[in-house]
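Because the structure is predicted, anything quoted here is derived from the model rather than measured.
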Amino acid sequence: GHSAGALMNAYSVQHVHSDILQKVRTYLSLSGFTGHFEDVQPGVDLESYFGHIRQFIAMGDPKRNVAMMSDMLDSIQEKGIPDHIMTTLVLSPGDEFFTLANADLFQSSLGRGLRIIDKTQEKKDGEDIHDLHNMRPETFIRLLAIHRPAQKRSLVASNTLPKTERVEKK
């Protein structure tokens with residue numbers, strides 16, 4: 001899931017029937033909100049954001065939505081993701097909404113998972129780094145293929161490495 005969708009997916013995993021849950025292989029968070037409210041960038045006000053999007057989609061009270069998100073964050077920190085599911089967290093240091101501590105906290109609470117710090121993202125007119133516009137489809141597919149659920153690892157994807165050493169090599 002992307003952004004708050006990563007939170008919703010992590011929370012949903014806790015409520016999936018066991019027959020279906022055993023078929024889930026990968027949890028992939030792209031710029032996901034999986035930490036705590038303290039891990040949002042300064043100036044990000046989720047209550048105001050919910051109030052803004054409420055004019056476009058049917059949503060409940062913004063304060064109630066923030067409280068529900070807080071409960072969900074607490075739940076995923078406490079219950080985590082089942083051990084057989086590979087957990088991959090991709091976050092850029094330049095993310096406008098969430099800090100790297102967001103992914104660090106979730107990975108630490110699980111005691112496992114792959115955390116990818118994506119330094120390939122660049123700010124362009126009208127685009128947020130948060131949306132990971134520089135992530136290539138081949139990279140996305142490779143991330144989904146990784147399956148080492150018991151390991152705890154971190155790596156950095158960067159355009160500054162020689163071409164033969166890049167994460168993006170074919």
Decide whether [X] and [Y] are clustered together by the hydrophobic rule: side chain heavy atoms of Ile, Leu, Val, Met, Phe, Trp, Tyr closer than 4.5 Å, transitively.
X	Y	value
Met68	Val66	no
Ile81	Val16	yes
Val44	Leu105	no
Val13	Met69	yes

Work out which heavy atom in [X] is nearest to a heavy atom in [Y]; give both atom names and the distance.
X	Y	answer
Leu110	Gly80	CD2-CA, 3.6 Å
Ile129	Ser92	CG2-OG, 3.2 Å
Val90	Leu132	CG1-CD1, 4.2 Å

Name each donor-acceptor pair under 3.5 Å that joins a side chain in residues 21-29 to protein atoms two or more places apart or in another chain, with its distance.
unit_1	atom_1	unit_2	atom_2	d
Tyr27	OH	Ala6	O	2.7
Ser29	OG	Gly32	N	3.3

Once side chain to side chain contact (heavy atoms under 4.5 Å, CB included) is applied, do any residues pair with [X], and if so which ones, sequence neighbours excluded?
X	value
Ala101	Asp39, Thr99
Ile141	none
Ser108	Lys152
Ser75	Tyr11, Gln14, Lys79

[Y] side chain reached by [X] side chain, heavy atoms, under 4.5 Å:
X	Y	answer
Glu122	His133	no
Leu73	Phe33	yes
Leu114	Thr87	no
Met135	Leu30	yes
Phe97	Val40	no
Leu7	Ile76	yes

### Query
Hey, does the side chain of Ser12 reach the backbone of Met8 with a donor-acceptor pair shorter than 3.5 angstrom?
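Confirmed, Ser12 side chain pairs with Met8 backbone.
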### Query
Which pairs with one or both residues in residues 86-112 pass salt bridge (Lys or Arg N to Asp or Glu O under 4.0 Å), sequence neighbours excluded?
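For residues 86-112: Asp83-Arg112, Glu96-Lys123, Asp104-Arg115.
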### Summary
Residue pairs passing the salt bridge (Lys or Arg N to Asp or Glu O under 4.0 Å) test with at least one member in residues 6-18, sequence neighbours excluded, are none
### Task
Check the pair Gln77, Phe106 against side chain to side chain contact (heavy atoms under 4.5 Å, CB included), reporting the backbone distance first and the verdict last.
CA-CA 6 Å; Gln77 296 300 322; Phe106 191 50; 3.8 Å; yes
### Task
For Gln151, check side-chain hydrogen bond (donor to acceptor under 3.5 Å, both in side chains) against everything at least two apart and list the hits.
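Counting only residues at least two positions away or on another chain, Gln151 forms a side-chain hydrogen bond (donor to acceptor under 3.5 Å, both in side chains) with Arg153.
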### Task
Can you sort out the partners of Asn102 under side-chain hydrogen bond (donor to acceptor under 3.5 Å, both in side chains), two or more places apart, ordered by chain and number?
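side-chain hydrogen bond (donor to acceptor under 3.5 Å, both in side chains) check on Asn102 returns nothing, list empty.
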### Task
Provide the full list of side chain to side chain donor-acceptor pair (under 3.5 Å) pairs with a residue in residues 49-63, sequence neighbours left out, each pair given once.
His52-Gln55
### Message
Applying ring pair (Phe, Tyr, Trp, His ring centres under 6.0 Å), can you list everything that pairs with His2, at least two apart in sequence or on another chain?
### Response
His130
### Query
Can you name the residues that form a ring pair (Phe, Tyr, Trp, His ring centres under 6.0 Å) with His17, not counting sequence neighbours?
none
#### Entry: Under 3.5 Å side-chain donor-acceptor pair for Asp118 and Gln121
yes
### Point-to-point distance, once rounded to the nearest 0.5 Å, from NE2 of His147 to OG1 of Thr88
10.0 Å
### Message
Could you measure the distance from the CD1 atom of Ile116 to the CG atom of Leu155? Nearest 0.5 Å is fine.
### Response
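Reported to 0.5 Å precision, the distance equals 5.0 Å.
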